[in-house]
Amino acid sequence: MKHLLDIDDLSATELLSIIDHARKAPTELNRPLEGDGVACYFAKQSARTRNSTEMAVVQLGGHPVYITDAEVSLGKRESVSDVTHTLACYHRIICARVYGHGDLEAMAALNIVPIVNLLSDAAHPLQAIADVLTIIAEFGTVEGKVVTYVGDANNGVVALEHLGFI
């Protein structure tokens, strides 16, 4: 089972494949999530990540279900294990935007359904992929580009480094 907790969870080949798919129009994509639920757990509020995740799930044929920490209280009212097991009964994938990266690691360790990190205190792999897509959209390629990043350490263009471009 493949989890995406950090950009380093992907090989360069897998990352390039994701980027190639992400550049396609929604009408060109297969619908691999047809009829499946995707849990979208948000311990941290979000506008862009929530909208982009929900629309991606819909474009891939799935049904996103938005779940807030007020409903679950991950690790407080319900254990990470209980929440993961319960959500896995209904959903094919669990996407989570959390404070502590350890929560994602605990979910993934159960190996019940794929876990996708929408942001943690350690990593933001989808942002890294989005950064590469933006550079390609603006410049046509990432090759030969010099990138300077200013911002949160968990939120940068590490995908470029992973691909060997910086």
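The structure displayed is predicted, hence computed values, not measured ones.
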Which donor-acceptor pairs under 3.5 Å do the side chains of residues 102-117 make with protein atoms, sequence neighbours left out?
residue : atom : partner : partner atom : Å
N111    : OD1  : H3      : NE2          : 2.8
N117    : OD1  : L119    : N            : 2.6
N117    : OD1  : S120    : N            : 3.3
N117    : ND2  : L5      : O            : 2.9
N117    : ND2  : S120    : OG           : 3.3
N117    : ND2  : A123    : O            : 3.2

Inset, instruction - Answer whether the closest heavy-atom distance between the side chains of D9 and D6 falls below 4.5 Å. - result: yes
Legend entry - Over all atoms of both residues, closest heavy-atom pair of V38 and V57: CG2-CG1, 3.7 Å
Legend entry - Shortest non-hydrogen contact between I94 and T84, atoms and distance: CD1-O, 3.9 Å
Inset, instruction - Apply the side chain to side chain contact (heavy atoms under 4.5 Å, CB included) test between F139 and each candidate in I136, I135, V142; give the one that qualifies. - result: I135
Inset, instruction - State the CG-OG distance between N51 and S46, to the nearest 0.5 angstrom. - result: 7.5 Å
Legend entry - Interatomic spacing from NE2 in H124 to CG in L118 - rounded to 0.5 Å: 7.5 Å
Legend entry - Y41 and V98, any side-chain heavy atoms less than 4.5 Å apart: yes
Legend entry - V65-V72 co-clustered via ILVMFWY side chain contacts under 4.5 Å: yes
Legend entry - Student check: side-chain heavy atoms of R97 and T53 closer than 4.5 Å: no
Inset, instruction - Before giving the answer on side chain to side chain contact (heavy atoms under 4.5 Å, CB included), spell out for K76 and D69 the whole-Å C-alpha distance, their side-chain angles and the decisive distance to 0.1 Å. - result: CA-CA 10 Å; K76 298 174 189 86; D69 196 50; 4.2 Å; yes
Legend entry - L87 and I67, any side-chain heavy atoms less than 4.5 Å apart: yes
Inset, instruction - Go through the steps to decide whether L4 and L126 satisfy the test side chain to side chain contact (heavy atoms under 4.5 Å, CB included), and finish with yes or no. - result: CA-CA 9 Å; L4 181 54; L126 299 184; 3.9 Å; yes
Inset, instruction - Would you give the length of the straight line joining atom OH of Y66 to atom CZ of R50, rounded to the nearest 0.5 angstrom? - result: 4.5 Å
Legend entry - Validation row: V132, L15 side chains within 4.5 angstrom (heavy atoms): no
Legend entry - Heavy-atom closest contact (D82 atom, S79 atom, distance): N-OG, 3.0 Å
Legend entry - Spacing of CG belonging to L74 relative to OG1 belonging to T68, to within rounding of 0.5 Å: 11.5 Å
Inset, instruction - First locate atom CG of L60, then atom CG of D36, and finally report the distance between them rounded to the nearest 0.5 Å. - result: 11.0 Å
Inset, instruction - Could you tell me whether N30 atom CG has more than 12 heavy atoms of other residues or ligands within 6.0 Å of it? - result: no
Legend entry - Gap between atom OG1 of T86 and atom NE2 of H91 - 0.5 Å precision: 10.0 Å
Inset, instruction - Indicate yes or no for a side-chain donor-acceptor contact from R77 to the backbone of E71 under 3.5 Å, with no hydrogens or angles considered. - result: yes
Legend entry - Sequence-distant partners of E34, side chain to side chain donor-acceptor pair (under 3.5 Å), two or more places apart: R31
Legend entry - Single-linkage hydrophobic cluster Y90~I93, side-chain heavy atoms < 4.5 angstrom: no
Legend entry - H21 side chain near S17 side chain, heavy-atom distance below 4.5 Å: yes
Legend entry - Side-chain heavy-atom pair Q127, T49 within 4.5 angstrom cut-off: no
